Amino acid sequence: MAEPMKIRATLQGDVADVRVLMAHPMETGQRKDAAGKLVPLHFIQTVTAQLNGKTVFTADVSQAVSRNPVFAFKVKGAKVGDKLSITWQDNTGDKRTDEVVIRAGS
Amino acid sequence: MKLASAGLLAVAAALIASCATPQRDYQPDALAMMKRDFHARGSAGMDRLNQDSVQAACNKYKDEPPQGVADKLQKEQLAAIKWPADGKLLGDWKAGEKIAQNGRGMAWNDKGGDGGSCYNCHQVGPRESSFGTVGPSLYQFAKKRGYGADIQRYAYGKIYNAKAYNLCSQMPRMGHVGALTEQQMKDLTALLMDPASPVNQ
Amino acid sequence: MKRALVLGTLAVACAAAAQTPDPTAAEFDKFREIMEQDNPAELFEVKGEDLWKTPRGPKNASLEKCDLGLGPGVVKGAYAQLPRYFADIDRVMDAEARIVHCMITLQGFTQAELAKAPFSSLVRTPEPVSIVTYVAAQSRGMKFASPQNHVKERAAYETGKAIFFYRAGAFDFSCASCHGVDDKRIRTQPLPNFTKPEQAIRAVQGWPGYRMTGGVMHSLQWRLNDCYRQQRFPEPGYASETLSALLTYVTVNANGHVYRGPGIKR
Amino acid sequence: MHQTRRSVIKAGGAAALLAAFGGALLKPGHTLAAWNKGAFEAKNIADAMKSVGVSNAEESKAIEIRAPEIAENGAVVPIDITSNIPGTTSISVFIEKNPFPYTGTFDFSQGAVPYVHLRVKIGESSPVRVVATAAGKHYTTAKEVKVTIGGCGG
């Protein structure tokens, strides 16, 4: 089962700085396991971020994204308390959504 | 009174002396603990925790053995080197470069000897920039020292058993422990000694 | 082959770099810092916290009564004060050894099952690794203060030191062969001198660490195990007293330096 | 990062919640069908760009790529991309020497700034080419990343 993401969303001025860590193997399909068998392709293909229900950022990516992916992006006009949800979906159809509230930056 | 205070002073002096003297040797404790806690794995048996005469001397004297001890043991190590029966010390430097690059051998998952691990610690050929600095640079080894038979013999011998030349050298004894074959050591010697080797350009 | 080509093109730049302060290392450090800001180690920290708090094992207990040295259940600051002496088992333990001890005594796991495959692979992160990552994170920003009060703590330091300098094995190596002198490197990897306080911190800083190679989380238990593999020694027991003694030696040498929390490693 | 811990731990609940109306939430953005298989499977950058619909991209200094000159480990190469071209709506990344150069496209809307940070695998030293799209026009720049330890061996 997909494990939780770790999302940090802090407001700097009126820009929300969003940084996401995802637990995913991002298998390239070229790696062999201990028994010498190829490990099948298994990678996140799409990422969607919504601020208060409106899509602000999307990513379509390949297996070249590193294992346990990290993404960061910025949204202007966000406010403390706004809801940010992030969803990823991989090539096997597995998906995961996590939601946080935007916090005041330090 | 005088006597008593003198006695006290003596006791105090003895106490101070005992504080100042080096603490007891913990090496036996260390070895006993390791022998209890380690286990054999793959090619690495528990016998590898035992010290041979060279290791024992270097451990005992913290890598600085007295001249007499060093001379005696170095002589023994030198005498144990098996020189190639055909008298030829130079193999193929190209094969030598591959052996120098290869850092495998003698660890748990390794079957036996394999590589020489040379680049881990030494600069060797000029084209490899990823080299260690634990040992001296070997670049232009023969160009600087000469291509003569004595230098060839030193190079082969040093690879075979570094401890025959410097008892507590950090360099492994590649031939002595069977990490490299005679042919591999000849190839490495060629890498260092062949005028055509990139090492000597 | 590819690697050789790449290295070929780099040779000129790096040959120059070898003499002067190393710009490659500086470049690595700069981006290492960037990567530390968002370190996948945090995913394991979260997992470890969950494992710490959830009742598990044959005894269906959580680890919240585990005494890491500052009293049962106190996690904050505990990692920076380990290894230390524990009267209940009459020995000095490092963080992971203590966690394993708690998993055995509180939760009913066995040493044998925990020691069977104790290191992370691409398909599995052993539970103690995540837990030690969580525990370590709770000492972020604190100074290392591994105590030397108890007689056994002092003995562990001295024994650890003797283990550190003990030369044996197929290649005549000791820990000190690589980590006992200044300014050396293996290939391009700098080798800190752990016998000196200002460099000893590098033995423990960044561990537990998220390793870019393979993308797995590793603890100091793994690091020391891999040192002994490369040292061509037999294998040290997982969570053994030998490793606690070694960790006592290097951590005490690093005492007073600030721990930055779980890190990211090459 | 610490203040979000609670939200992460509770995420199990959030996931269950989303399972209920997750489909609806996903809809406004991407669906699996939108993922450009042809482009992602292209084996050279020219084919990949064609499949993405990029042509006549104009070289631009207004795109900033921050990436290491020499990557410590090709398995994890951090890249920061900022487009200073007004009206940028998407950024695409191509790693020329990778077996499949097209690495991804990032779309920005509703106030999102044309900036993205990602970490990628780079198999051997390669230019990292970035294409920014603004008002239907394409702009591009590239930065060379040297790799001594490849990132595709696992």
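Not measured: the values here are computed from a predicted model. Below, chains carry the letters A, B, ... as their sequence lines are ordered, and counting in each starts from 1.
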Does the distance from a Lys or Arg side-chain N to an Asp or Glu carboxylate O, for Asp172(C) and Arg48(B), drop under 4.0 Å? no
Identify which part of Val177(B) has an atom lying under 4.5 Å from any heavy atom of chain C, answering side chain, backbone, both or neither. side chain
Chain C interface, residue from Met34(B), Lys163(B), His122(B) that has the most non-hydrogen pairs under 4.5 Å: Met34(B)
Is a side-chain donor-acceptor pair under 3.5 Å present for Glu113(C) with Thr110(C)? yes
Which one of Leu31(B), Asn109(B), Asp47(B) has the most heavy-atom pairs closer than 4.5 Å to chain C? Leu31(B)
Do Asn225(C) and Glu235(C) have a side chain donor and acceptor closer than 3.5 Å? yes
Return the option, out of His176(B), His39(B), Arg41(B), with the maximum number of heavy-atom pairs under 4.5 Å with chain C. His39(B)
Given a strict heavy-atom distance threshold of 4.5 Å, which part of Ser169(B) is in contact with chain C: side chain, backbone, both, or neither? backbone
Chain C heavy atoms under 4.5 Å from Asn120(B): which part of the residue, side chain, backbone, both or neither? both
Part of Asp63(B) within contact of chain C (heavy atom distance under 4.5 Å): side chain
With a 4.5 Å heavy-atom cut-off, do Ile151(B) and Tyr147(B) have their side chains touching? no
Let me know if Lys62(B) has heavy atoms under 4.5 Å from chain C in its side chain, its backbone, both or neither. neither
Is the SG-SG separation for the cysteine pair Cys227(C) and Cys175(C) below 2.5 Å? no
